[in-house]
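In what follows, a structure is listed as structure tokens, so that the remarks can point back to it.
Numbering of ligands and ligand atoms starts at 1, following listing order.
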Amino acid sequence: MPRDSEAFWDKVSAKYAARPVSDPASYEHTLERTRAYLSADDRVLELGCGTGTTALKLAGDVAHITASDISSEMLAIGARKAAEAGADTVDFLHADIHKAAAAGATYDAVLAFNLFHLTEDLPESLAAAASLVKPGGHLISKTACLAGKPLIGVLVAAMGLVGKAPKVTFVSIEELDRQISAAGLEIVETGVFPKSPPARFVVARKPG
Ligand SMILES: C[S@@+](CC[C@H](N)C(=O)[O-])C[C@H]1O[C@@H](n2cnc3c(N)ncnc32)[C@H](O)[C@@H]1O
């Protein structure tokens, strides 16, 4: 598990929890598109769940959601919110993508929102996420695609130097889509929500 990344997200967890969703229309749209692929008897894994907002919104649509993250502080906030909401179909798991994959369980759907651009080795992360999907199930992700955005690159690098930004992998939409396909998944729906800075929404099905 990348410990500096874990420490960064622990440190910013309270601020992250208090921050409003930056583009509510885009968020609600991708939530609805995600729901379209979920069924009441599904068992779902969310990777990089943060403070559990999305897991809690989807909890009523599926049988069970395991919401996982590397940050114990993010997870603690999520668990508090779940207890307040009386959500008994969500549980929280301290795990990075690779540890979750090593546990060997597979899921009807694996969700990863605003996560893959924060992982150091994108092909490895996508392969690990794909290994968690049951044949016929879906990996549903949203990823900031910041290749070709030099100003954002400079800003993230400068903020990173003073501990105010995480490490970011800069990938283009085309490269992300190519790598999702290379992980053995078949892309069935895409979009960009929001358009700026671009966040690529991809629903990809595991053949089988
Ligand atoms: C930008 S936040 C997104 C949180 C939530 N998915 C959302 O859309 O609001 C990224 C989250 O990914 C987690 N994270 C970063 N690297 C991770 C990794 N390798 N495995 C699992 N979670 C990770 C961070 O702790 C953080 O909670």
Original post:
Against heavy atoms of Leu115, which atoms of ligand 1 measure under 4.0 Å?
Top reply: 12 (O), 14 (N), 15 (C), 16 (N), 17 (C), 22 (N), 23 (C)
Subject >> Numbering as shown, the atoms of ligand 1 that approach Leu118 to under 4.0 Å (heavy-atom distance) >> reply: 1 (C), 10 (C)
Original post:
Using 30° and 60° as the class limits, which term best fits the ring planes of Phe201 and Phe193: parallel, tilted or perpendicular?
Top reply: perpendicular
Subject >> Those atoms of ligand 1 less than 4.0 Å from some heavy atom in Gly50 >> reply: 4 (C), 27 (O)
Original post:
ligand 1 versus Cys49, non-hydrogen atoms closer than 4.0 Å: side chain, backbone, both, neither?
Top reply: backbone
**OP:** Under 4.0 Å from a heavy atom of Met74: give me the atoms of ligand 1 that qualify, with their elements.
**Re:** 27 (O)
Original post:
Out of Ala144, Ala112, Gly48, who gets a non-hydrogen atom closest to atom 6 (N) of ligand 1?
Top reply: Gly48
Original post:
When you look at Thr54 and Tyr27, which way does the side chain to side chain donor-acceptor pair (under 3.5 Å) test go after all the steps?
Top reply: CA-CA 10 Å; Thr54 300; Tyr27 177 73; 2.9 Å; yes
**OP:** Between Thr53, Asp96, Ile70, flag the one that comes closest to atom 16 (N) of ligand 1 by a heavy atom.
**Re:** Ile70
Subject >> Within-shell test, Phe8 vs ligand 1, heavy atom, strictly < 4.0 Å >> reply: no
Original post:
Would you say Asp69 touches ligand 1, if touching means a heavy atom closer than 4.0 Å?
Top reply: yes
Original post:
Is the closest basic N to carboxylate O distance between Lys81 and Glu84 below 4.0 Å?
Top reply: no
